[in-house]
Amino acid sequence: MNILNGKVALVTGATSGIGKSIALLYAANGAKVMVSGRNEKSGQEVVREIQSKGGDAAFFKADVSDPEQCRALIQSVVSTFGRIDIACNNAGVSGGLSLVVDYEVASWKDVLDTNLNSVFYCMKYELDAMGKQNAPGVIINMSSVLGLTGEMGLSAYVASKHAIIGLTKSAALENATKGIRINTVCPAYIETPILDVLSSEQRKAIESLQPVMRIGKPEEVAELVLWLSSDKASFVTGSHYSVDGGYLAR
Ligand SMILES: NC(=O)c1ccc[n+]([C@@H]2O[C@H](COP(=O)([O-])OP(=O)(O)OC[C@H]3O[C@@H](n4cnc5c(N)ncnc54)[C@H](O)[C@@H]3O)[C@@H](O)[C@H]2O)c1
């Protein structure tokens, strides 16, 4: 079942974790995929994995906290594959654990640049490219359950992920009649390198925060992103969807 046959998709932060799973699933469902990230070696490995399964992919190195690199990235998708139909703006960092009163201003700006400003930069150029194609487009922005609730010590992350939901709603309203759907996905804790900083006690505490009593898998997030990216979600725009093992139901 190739529900993305003929589509061209971009995934940022696709060299590991959730982004890598999304890139693999997009390709397995027929899309040509531009894998992007900062680590060329890991990115090329993802490309080779896609190609070894008969898929089509390329890598473009970009730091999404830089607007010029975002512009070049989207331009490279169009010059490599001829168009851009789907974009998943997934790259993000957690930032350090610190109370608001102690949060370093430079660290705050770094987290907001990487998690929030990057989504604005990417959408700005994605929407421009999609608008010129006179065809439907889809954008998925990666938020978090921490885009819907607070968490002590993670104020910059929480603020950036809340703001992504608002930014998504505004962009979706602006593009609803143009056939470009824009939604946000909000995972709870997922098994990826972003959790490497946790001690085994912290991991246990997190597992018990999720009613299913386990940490999620990146593939479980990718399945939701795939559906939202496909024509099966043709009436879905301007909204946010959690994939959270019941985290937000408590
Ligand atoms: N893992 C979780 O528990 C979890 C939960 C909710 C939301 N998320 C979100 O999912 C997304 C993916 O995270 P993940 O868990 O897969 O972690 P990850 O660390 O494996 O992936 C993040 C990716 O973003 C890339 N990245 C970071 N800064 C970048 C920059 N400036 N330019 C380009 N790429 C950059 C990293 O290199 C990495 O490939 C993030 O937005 C994260 O906030 C993760």
Side-chain angles (χ1 to χ4, degrees), residues 10-25 34-47 59-74 76 87-97 107 109-122 139-149 151 154 156-165 167-168 184-198 202-203 205-207 209-210 212 214-222 224-225 240-245 247-248:
L10 161 66
V11 185
T12 69
T15 57
S16 63
I18 294 170
K20 177 179 174 180
S21 285
I22 294 167
L24 293 174
L25 194 61
M34 180 61 80
V35 172
S36 185
R38 292 170 304 178
N39 186 323
E40 172 118 33
K41 186 168 174 284
S42 314
Q44 294 293 1
E45 277 166 19
V46 177
V47 169
F59 174 76
F60 190 88
K61 182 173 174 164
D63 179 337
V64 291
S65 66
D66 175 356
E68 181 50 32
Q69 292 188 43
C70 294
R71 191 195 58 73
L73 168 60
I74 283 84
S76 84
C88 181
N89 299 316
N90 162 78
V93 291
S94 59
L97 271 179
S107 306
K109 288 183 175 172
D110 279 349
V111 174
L112 272 286
D113 274 346
T114 302
N115 290 7
L116 174 62
N117 294 341
S118 66
V119 175
F120 163 67
Y121 303 145
C122 284
I139 298 176
I140 311 290
N141 295 322
M142 194 57 67
S143 179
S144 164
V145 288
L146 298 185
L148 296 161
T149 60
E151 186 59 85
L154 282 169
Y157 185 82
V158 167
S160 68
K161 294 300 187 183
H162 273 72
I164 286 172
I165 294 175
L167 172 60
T168 300
T184 308
V185 166
C186 302
Y189 292 93
I190 307 297
E191 193 63 70
T192 72
I194 219 171
L195 300 189
D196 285 351
V197 291
L198 298 176
Q202 286 171 319
R203 285 181 63 92
I206 280 171
E207 280 165 18
L209 281 176
Q210 310 198 143
V212 295
R214 67 174 174 86
I215 290 175
K217 299 176 199 153
E219 297 80 9
E220 292 174 310
V221 181
L224 174 59
V225 173
H240 53 272
Y241 294 86
S242 53
V243 46
D244 69 353
Y247 183 101
L248 290 170

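Atoms within each ligand, like the ligands themselves, are counted from 1 in listed order. Given the structure is predicted, the values throughout are model-derived calculations rather than measurements.
Between Ala188 and ligand 1 there is a heavy-atom distance shorter than 4.0 Å. Taking 4.0 Å as the cut-off, Ala62 counts as a neighbour of ligand 1 on heavy-atom distance. The closest approach between a heavy atom of Lys161 and any atom of ligand 1 is below 4.0 Å. Under a 4.0 angstrom heavy-atom cut-off, Thr12 registers as lying outside contact with ligand 1. Ligand 1 lies out of reach of Cys186, whose nearest heavy atom is not under 4.0 Å from it. For the ligand labelled ligand 1, residue Leu195 lies inside the 4.0 Å heavy-atom shell.
With rounding to the nearest 0.5 angstrom, the NZ atom of Lys217 is 14.5 Å from the OG1 atom of Thr192. Rounding to the nearest 0.5 Å gives a distance of 8.5 Å between NE2 of His240 and OG of Ser143. With values rounded to the nearest 0.5 angstrom, Glu40 atom CD is found 6.5 Å from Lys61 atom NZ.
Between the side chains of Thr168 and Thr184, at least one donor-acceptor pair of N or O atoms lies under 3.5 Å. For the residue pair Asn115/Ser160, the side-chain donor-acceptor check at 3.5 Å is satisfied.
Scanning all protein heavy atoms for the shortest distance to atom 18 (P) of ligand 1 gives Ser16 OG, 3.6 Å. The nearest protein atom to atom 32 (N) of ligand 1, hydrogens excluded, is given as Val64 N, 2.9 Å; this is a heavy-atom distance. The nearest protein atom to atom 26 (N) of ligand 1, hydrogens excluded, is given as Arg38 NH2, 3.7 Å; this is a heavy-atom distance. Counting only heavy atoms of the protein, atom 6 (C) of ligand 1 lies nearest to Pro187 O, 3.2 Å. Among protein heavy atoms, atom 34 (N) of ligand 1 sits closest to Ala91 CB, 3.6 Å. Residue, atom and distance of the protein heavy atom nearest to atom 22 (C) of ligand 1 are Gly92 O, 3.6 Å. Remark: minimum distance from atom 15 (O) of ligand 1 to any protein heavy atom is reached at Thr192 OG1, 2.5 Å. Protein heavy atom closest to atom 43 (O) of ligand 1, with residue, atom name and distance, is Tyr157 OH, 2.7 Å.
Checked against side-chain contact (heavy atoms from CB on, under 4.5 Å), Tyr189 has the following partners two or more places apart in sequence or in another chain: Leu146, Glu151, Leu195, Ile206, Leu209, Gln210, Tyr247. The salt bridge (charged side-chain N to carboxylate O under 4.0 Å, His left out) search around Glu207 returns none, not counting sequence neighbours.
Gly95 and Leu154 get closest at one heavy-atom pair: O-CD2, 4.4 Å.
When Asp113, Asn39, Asn117, Asn90 are ranked by how near their heavy atoms come to atom 40 (C) of ligand 1, first place goes to Asn90.
Listed for the Asn90 side chain is a donor-acceptor partner under 3.5 Å among the backbone atoms of Thr12.
Residue contacts with ligand 1 for Ile190 involve both N, CA, C or O and side-chain atoms from C-beta outward (heavy atoms, distance under 4.0 Å). Of all the heavy atoms of Val93, the ones lying under 4.0 Å from any atom of ligand 1 belong exclusively to the side chain. For Pro218, no heavy-atom contact with ligand 1 is shorter than 4.0 Å.
Looking at Glu219 and Lys20, no side-chain N of the basic residue comes within less than 4.0 Å of a carboxylate O on the acidic one, giving no salt bridge.
Counting heavy-atom neighbours within 6.0 Å of Lys161 NZ, excluding the residue itself, gives a total above 12.
Residue-to-ligand polar distances keep Tyr189 apart from ligand 1: every N/O pair is separated by 3.5 Å or more. Between Ile18 and ligand 1, at least one N/O pair is under 3.5 Å apart.
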